[in-house]
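Notes follow the structure.
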Amino acid sequence: MRMEKKIKFGRWEAVALTSNLICTKVFLYFNRLTVEDAGNAGWLMAIFICAVAVALYSLQIWLYKKFEGKDILDIAEIAGGKILKAITGFTLGGLLFLLAAITIRKFSEDIKTISLPTSPLSYVMVFFMAGIVIAGFLGVESIVRHSAIVIPIVVAGYVVILLGIMPKIDVTNLFPIFGTGLKDILLKGFYRTSIFAELLVLFMLPPFLESYEDVKNIGYVSISLCSFFLITGSLVYILVFPYPSSLEPFLPVFNMARLIGLGRFFQRIESLFVFIWVMSALIYLSTVFFFAMYTVSKAAGLKYIRPMIIPFAIILFSTAFLPADLISVIKVESGFVNTWGWAVTFVFTGLIFLWARIVEHGRRKSRGK
């Protein structure tokens, strides 16, 4: 399978793909994370996080404007030749690979806890690995097409959970309105912009899209949709679970779903949660796994991706077991990825765009002379 540049897909498919990459965190930990950082003002911190993400993306997409049709690695090559292209590819690919390893370990641990308590962790993880490997062999087109079908189902299921939990809300849980203080909302909120770390995949998509306008609009629509679900998810969670008891549930949405019961015929809604959760997880893991391979392969100058799939899968499976337990995984995720991911996604890529524009301007100037 060659590096897949001739494949094209539409705006909706790209929006579904990128939105799922970010919104998956709502199922895993985001709602509780905002409470840990800002108390019952977590929903305000979610608003701030999304506002900062929009501002940073606006600057980023403006810098990208001159490079229509090129992905981040093409632009890195313009800015600093093959050396910078390689550095960029291995940096971004490494981040995506780390995200895949952390997420597959967390999803497997959580599935084991809530559905398969007596099964070995490796047994649970093998099912996710099988899905990832099959998706890798089918290619990016299959991943994108499936996401366009699956994500509306996931969204519908999530909306059902939010609506079903409405009778349990208590508006007094919002007070004091600023939670642990404005300092936590703003300072910690800025670092938590790392929630949007997977947005860097958007700048690997231009070769598969039609134009600069497509890239720009897909980014804005994806961030807007993600912002809606991140903010409403955090708000509803805080309205349902009073602080500080809201710090206890390890799967916020799952615990909300367990509270839903409408009469004798609409109960055990958490089974719906597990269904949509696994679908979202498989799309997420398949996407980051594929683009980790795609980025590293392109940075290394390889023409084919398929020979990389099995070795990458084995390394991913082994890496996921490096942390001793789930607490260690959460520490790595919270202390590193969710604190500094923004530096790679927004600052690192933004500096590459800026330097490439300077280089291009210098070349045009020298040609003009």
Side-chain angles (χ1 to χ4, degrees), residues 18-26 28-38 42-64 71-73 75-76 87-103 106 182-205 215-216 218-220 222-231 233-234 284 287-288 291-292 295 329-355:
T18 51
S19 298
N20 183 67
L21 290 176
I22 299 163
C23 288
T24 302
K25 284 128 183 182
V26 174
L28 279 174
Y29 62 84
F30 178 76
N31 302 340
R32 193 186 64 204
L33 179 71
T34 58
V35 173
E36 290 174 354
D37 286 341
W43 67 282
L44 290 177
M45 192 178 87
I47 293 174
F48 179 73
I49 289 170
C50 296
V52 173
V54 170
L56 292 174
Y57 175 72
S58 298
L59 177 60
Q60 201 176 27
I61 199 65
W62 177 78
L63 290 170
Y64 172 77
D71 65 22
I72 181 66
L73 297 185
I75 299 168
I87 292 171
T88 302
F90 286 111
T91 300
L92 301 185
L95 176 59
L96 290 175
F97 188 83
L98 177 61
L99 288 168
I102 289 172
T103 305
K106 287 188 70 177
L182 276 174
K183 182 180 178 182
D184 285 340
I185 294 172
L186 300 179
L187 184 60
K188 293 181 180 179
F190 180 81
Y191 284 108
R192 297 310 187 192
T193 310
S194 301
I195 293 296
F196 286 86
E198 289 87 350
L199 197 64
L200 64 86
V201 169
L202 179 62
F203 292 104
M204 300 172 190
L205 297 182
V215 179
K216 182 177 75 171
I218 288 164
Y220 279 120
S222 298
I223 293 174
S224 299
L225 286 174
C226 293
S227 297
F228 173 77
F229 288 109
L230 292 172
I231 294 167
S234 180
Y284 175 96
T287 304
V288 293
F291 280 103
T295 308
V329 178
I330 292 171
K331 285 180 180 178
V332 172
E333 183 178 49
S334 180
F336 178 69
V337 177
N338 285 339
T339 302
W340 298 106
W342 62 273
V344 176
T345 301
F346 295 110
V347 178
F348 180 70
T349 56
L351 288 174
I352 289 172
F353 294 155
L354 178 61
W355 185 245

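Side chains included, hydrogens not; waters and symmetry mates left out as well; all remaining heavy atoms used. Given the structure is predicted, the values throughout are model-derived calculations rather than measurements.
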Exercise. Give the intermediate values and the outcome of side-chain contact (heavy atoms from CB on, under 4.5 Å) for residues L33 and I195.
Key: CA-CA 11 Å; L33 179 71; I195 293 296; 4.1 Å; yes
Practice problem: Take Y64 and T349 through the side-chain contact (heavy atoms from CB on, under 4.5 Å) test and state the conclusion after the steps. | Solution: CA-CA 10 Å; Y64 172 77; T349 56; over 6 Å; no
Practice problem: Go through the steps to decide whether Y29 and N338 satisfy the test side-chain contact (heavy atoms from CB on, under 4.5 Å), and finish with yes or no. | Solution: CA-CA 11 Å; Y29 62 84; N338 285 339; 3.2 Å; yes
Quiz item: Going through the distances and angles, do C50 and F228 end up as a side-chain contact (heavy atoms from CB on, under 4.5 Å)?
Solution: CA-CA 9 Å; C50 296; F228 173 77; over 6 Å; no
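With rounding to the nearest 0.5 Å, the separation of CG in L21 from OG in S222 is 9.0 Å. Between the CD1 atom of I352 and the CH2 atom of W355 there is a distance of 12.5 Å, given to the nearest 0.5 Å. Once rounded to the nearest 0.5 Å, the distance linking CG of L99 with OG1 of T287 reads 12.0 Å. The CD1 atom of I47 sits 5.0 Å away from the CD1 atom of I231 when rounded to the nearest 0.5 Å. Atoms CD1 and NZ, on I61 and K216 in that order, are 8.0 Å from each other to the nearest 0.5 Å. Within the model, atoms CD1 of I49 and CZ of F190 stand 11.5 Å from one another, a figure rounded to the nearest 0.5 Å.
Between I223 and A53 the shortest heavy-atom distance is CD1-O, 4.3 Å. Pairing each heavy atom of I185 with each of A38, the nearest pair is CG1-CB, 4.0 Å. For the pair L56 and T193, the tightest heavy-atom approach, listed with the atom from each and the gap, is CD1-CG2, 4.1 Å. Contact detail for Y284 and E198: the closest heavy-atom pair is OH-OE2, 2.5 Å. Across all their heavy atoms, G89 and T295 have their closest contact at O-CG2, 3.2 Å. Taking each heavy atom of G350 and L63 in turn, the nearest pair found is O-CD1, 3.6 Å.
Using modelled atom types, one side-chain atom of T24 and one backbone atom of N20 make a donor-acceptor pair closer than 3.5 Å.
Between L186 and F48, the closest side-chain pair of non-hydrogen atoms falls below 4.5 Å. No side-chain heavy atom of F291 sits under 4.5 Å from any side-chain heavy atom of L92. Using a 4.5 Å cut-off on side-chain heavy atoms (C-beta onward), L95 and L200 make contact. Using a 4.5 Å heavy-atom threshold, the side chains of T103 and L28 count as touching. The closest side-chain heavy-atom distance from F229 to I22 is not below 4.5 Å. In this structure, V201 and L96 have side chains that are in contact, with non-hydrogen atoms separated by less than 4.5 Å. At a threshold of 4.5 Å between non-hydrogen side-chain atoms, the residues Q60 and L202 do not count as touching. Side-chain contact between F30 and C23 is absent, with no heavy-atom pair separated by less than 4.5 Å.
Under the 30°/60° scheme for interplanar angles, the aromatic rings of W340 and Y191 are found to stand perpendicular.
For E333 and K25, the salt-bridge test fails: no basic side-chain N is under 4.0 Å from an acidic carboxylate O.
Aromatic rings of Y57 and F196 (six-membered ring for Trp) have centroids beyond the 6.0 Å cut-off, not under it.
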